[in-house]
**Student:** 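What follows is a structure written as structure tokens; I'll ask about it next.
A note on names: the letters A, B, ... follow the listed sequences, proteins ahead of strands, and every chain is numbered from 1.
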There are 2 protein chains.
Amino acid sequence: MANIKDIAKLANVSVSTVSRVLNNHSYVSEEKRKVIMEAIDRLDYSRNMNAVQLLKGKTNVIAVMLPFINHPYFTRLVEGISVEALKVNYQLMLCQTNYNTEAEMKVLEMLKMKQIDGMIICSKHIDLNQIEAYTRYGPIVACQDVGQSRVSSVFSDHYKSFQCGIRYLINKGHRYIGLCLARNQGDNSQMRRKAYTDELASIGEPIRDEWIFHQTYRIEDGVEVLRNLLELNSRPTAMMVTSDQAAAGIIMEARKNNIRVPEDLAIIGFDNQPIAEVFDLTTIENQLPEMGAIAFQIGYDQITRKKEQPENRELEYRLIERATV
Amino acid sequence: MANIKDIAKLANVSVSTVSRVLNNHSYVSEEKRKVIMEAIDRLDYSRNMNAVQLLKGKTNVIAVMLPFINHPYFTRLVEGISVEALKVNYQLMLCQTNYNTEAEMKVLEMLKMKQIDGMIICSKHIDLNQIEAYTRYGPIVACQDVGQSRVSSVFSDHYKSFQCGIRYLINKGHRYIGLCLARNQGDNSQMRRKAYTDELASIGEPIRDEWIFHQTYRIEDGVEVLRNLLELNSRPTAMMVTSDQAAAGIIMEARKNNIRVPEDLAIIGFDNQPIAEVFDLTTIENQLPEMGAIAFQIGYDQITRKKEQPENRELEYRLIERATV
DNA sequence: CTGTTAGCGCTTTCAG
DNA sequence: CTGAAAGCGCTAACAG
């Protein structure tokens, strides 16, 4: 591959002049510019970005850390990030971690090794303070509440939104309410569980472990949940479900088993994914694409304007009333 | 940020010795190694990967070009790629193009500029020969049939698989068959349309434009399709649908309108996504994750073993009989 | 086993 | 307006 020297030689100019036309820096005589362009064409030359990046100490790449890409929650977040990144000519490094500690640390290390200019955490397993230690190498923004921290964040309050959903069920007369969570120990899941236990306590209902399900992400998981429900002697009359996908699965399987929704079983989903509309599912809107977009902007601002301060932005949630409660 | 020179100085050794311990090259006395490690610790040093990449002419990054991430088709493909990439310590650059020519060319340019070692094309808009011109800069593998070409590929035969699906419908007694396609002019779509027209011709049925739908990717699109169908005077008795999502939408909306599936309307989906199982949808299995995995392996082989030859691998498809035909 | 040194390919002062 | 030269941070061939 030809390099800038070859071009300079062929065009009979210095490398700096070549660099100038490459970058549209200052003025270069039309004549030389032409000769240089021809040389570039002749030798099929392109800049080697690795050299540029080394010199500039900047890569125009931002990493997106997520456990798996195969879920609409993350997919919509990434969509939001991607749209903003495109506007300012940034590339996305997709880092799938499976919530594996080593894989997550590797992303952090990439920041330290200057492979990326910043990173967005969609969901994580490692501790916040492990992450904080890396903010000195570049902006890190999390799509979840991180409290007071050197890590920036965009998030919606999962305690309040779950509280809102459960109160809605209670107001509709439900006392026997089940819960579907994603991870057991995830930060968001913990908030959600707390909202659940607090609200049930407020109406004097006990927590029944057999009404709480974990790892419910996909339609299939919802199907499974309903099957489990069928086995129980006493069943909840309503379910608060962390994912619209899982909620849809519950509805599908409920129909098969002649369980009427919402008469026999009321359901609230989460995220207001497109599938929620199709299923006429009452759900909680979370502004996922906006969250991704804002996450990128916060990171980008810190990269460019050197806005040192971490930024924390809370997004609104909204209960969307449809036909499943 | 400290660099390798700082470490060398602090540890009272040469940079090459530092480099040796960094890379576990040849032997370094235990004593020096220790001092060096301490210096690294003290100065919180990490290699600058940009320098390494410049020197080696290799980035350990592979780009994934796709129109949008927000669809299970691509998501599962990426999942397959990602799993393989992880195994050999490669990173994924996610390049969302929206089928926009400029965006697609930018990915190709990244290859030329050595920002990436290779690329996988999940779906594209630009012409094959534009892409071929870039194979000299690194391996390019497409997840679709590219015929004889310098571009590698993994694909399943969309002509044959659609033919298979439509014949299945015909054998079940259907003559009035509609079609849902993704893009109008996409390479795969053209094959699918041809299979459709050929098969209808074989039973002497005319092509009815109002039975052919485009841009049907998501559940909502399927809902829309059925609504359109309802407006028609004469309706098909069966639909061959490019996406399981769209098929699910059709089924949902059919139920709402008391159209029985399969009695009034038979449906075949495509891809055998998890949703197909939940909807008990007859569909065509395409091995998407495998396709992604193999695409990566082919690219990786060319990067490492310098296997110059482009490789073309055809995957099997399989009709999965369930309850919607 | 260790150090010296020549680059990888580019940008950017600093002179002219 | 243009060129020379000094690096960005690292690796590896070569010499000891």
**Student:** Decide ring-ring contact (aromatic ring centres under 6.0 Å, His included) for B:Tyr217 and B:Phe68; before the verdict, give the C-alpha distance in whole Å, the side-chain angles of both, and the deciding distance to 0.1 Å.
**Tutor:** CA-CA 11 Å; B:Tyr217 301 101; B:Phe68 38 80; 5.5 Å; yes
**Student:** Are a donor atom and an acceptor atom from the side chains of A:Ser19 and A:Ser16 found within less than 3.5 Å of each other?
**Tutor:**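 Checked: A:Ser19/A:Ser16 side chains show no N/O donor-acceptor pair below 3.5 Å.
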**Student:** Under a 3.5 Å cutoff, is there a donor and acceptor pairing between the side chains of B:Arg47 and B:Asn3?
**Tutor:**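 B:Asn3 and B:Arg47 do not have a side-chain donor-acceptor pair below 3.5 Å.
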**Student:** Which two nucleotides bound the region of DNA chain D that has atoms under 4.0 Å from heavy atoms of chain B, read 5' to 3'?
**Tutor:**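 Extent of the interface on DNA chain D: D:dG9 to D:dA13.
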**Student:** Under 3.5 Å, is there a donor-acceptor pair between the A:Lys106 and B:Asn89 side chains?
**Tutor:**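 Looking only at side-chain atoms, B:Asn89 and A:Lys106 do form a donor-acceptor pair, the distance falling under 3.5 Å.
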**Student:** Is it the case that A:Asn312 and A:Ser153 place a side-chain donor and acceptor less than 3.5 Å from each other?
**Tutor:**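 The answer is yes; a qualifying pair exists.
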**Student:** Going by atom types alone, do A:Gln302 and A:Glu311 pair a side-chain donor with an acceptor below 3.5 Å?
**Tutor:**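 No pair is found: no donor N or O on one side chain lies under 3.5 Å from an acceptor on the other.
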**Student:** Looking at A:Lys112 and B:Asp44, is any side-chain nitrogen of the basic one under 4.0 Å from a carboxylate oxygen of the acidic one?
**Tutor:**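 Between A:Lys112 and B:Asp44 there is a salt bridge, with a charged N closer than 4.0 Å to a carboxylate O.
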**Student:** To the nearest Å, how far apart are A:Lys5 NZ and C:dC8 C1'?
**Tutor:**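 So the NZ-C1' distance, A:Lys5 to C:dC8, works out to 10 Å.
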**Student:** Any cation-pi pair here, A:Arg183 with A:Tyr99, using under 6.0 Å and within 45°?
**Tutor:**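 Yes - A:Arg183 lies over the ring of A:Tyr99, closer than 6.0 Å to its centre and within 45° of its axis.
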**Student:** Applying side-chain contact (heavy atoms from CB on, under 4.5 Å), can you list everything that pairs with A:Ala11, at least two apart in sequence or on another chain?
**Tutor:**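 side-chain contact (heavy atoms from CB on, under 4.5 Å) check on A:Ala11 returns A:Val13, A:Val35, A:Ile36, A:Ala39.
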**Student:** Any side-chain donor paired with an acceptor under 3.5 Å for B:Asn50 and A:Lys56?
**Tutor:**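 No.
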**Student:** Could you walk me through whether B:Ile131 and B:Lys124 pass the side-chain contact (heavy atoms from CB on, under 4.5 Å) check?
**Tutor:** CA-CA 10 Å; B:Ile131 295 170; B:Lys124 68 182 182 56; 3.3 Å; yes
**Student:** Would you mind reading off the bend of the helix from C:dC1-D:dG16 to C:dG16-D:dC1 from its two end axes, five pairs each, to 10 degrees?
**Tutor:**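 Answer rounded to 10°: the end axes differ by 40°.
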**Student:** Checking side-chain polar atoms at under 3.5 Å, does B:Gln53 have a donor or acceptor matched by the opposite partner on A:Gln115?
**Tutor:**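 A:Gln115 and B:Gln53 do have a side-chain donor-acceptor pair below 3.5 Å.
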**Student:** Any N/O pairs under 3.5 Å between the protein and nucleotides 12-16 of chain C? List them or say none.
**Tutor:**
from	atom 1	to	atom 2	distance (Å)
C:dT12	OP2	A:His25	NE2	3.2

**Student:** Under 3.5 Å, is there a donor-acceptor pair linking the side chains of A:Asn188 and A:Gln144?
**Tutor:**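 No, no side-chain donor-acceptor contact under 3.5 Å.
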**Student:** Report the distance from atom CE of A:Met1 to atom P of C:dG7, rounded to the nearest whole Å.
**Tutor:**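 A:Met1 atom CE is separated from C:dG7 atom P by 20 Å.
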**Student:** Which of residues 6-13 of chain A have a heavy atom under 4.0 Å from DNA chain D?
**Tutor:**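 A:Val13 - these, ordered by number, are the residues of the stretch whose heavy atoms sit under 4.0 Å from the strand.
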**Student:** Would you jot down, in residue-number order, the residues of residues 37-53 of chain B having a non-hydrogen atom under 4.0 Å from DNA chain C?
**Tutor:**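 Nucleic-acid contacts, sorted: none.
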**Student:** Salt bridge check: are A:Glu84 and A:Lys87 linked by an N-O gap of less than 4.0 Å?
**Tutor:**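 So A:Glu84 pairs with A:Lys87 through a salt bridge.
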**Student:** When the distance from CG of A:Asn24 to C1' of C:dT11 is rounded to whole Å, what number comes out?
**Tutor:**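 From A:Asn24 CG to C:dT11 C1': 15 Å.
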**Student:** Is it the case that A:Arg150 and A:Asn129 place a side-chain donor and acceptor less than 3.5 Å from each other?
**Tutor:**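 Absent: no donor and acceptor within the cut-off.
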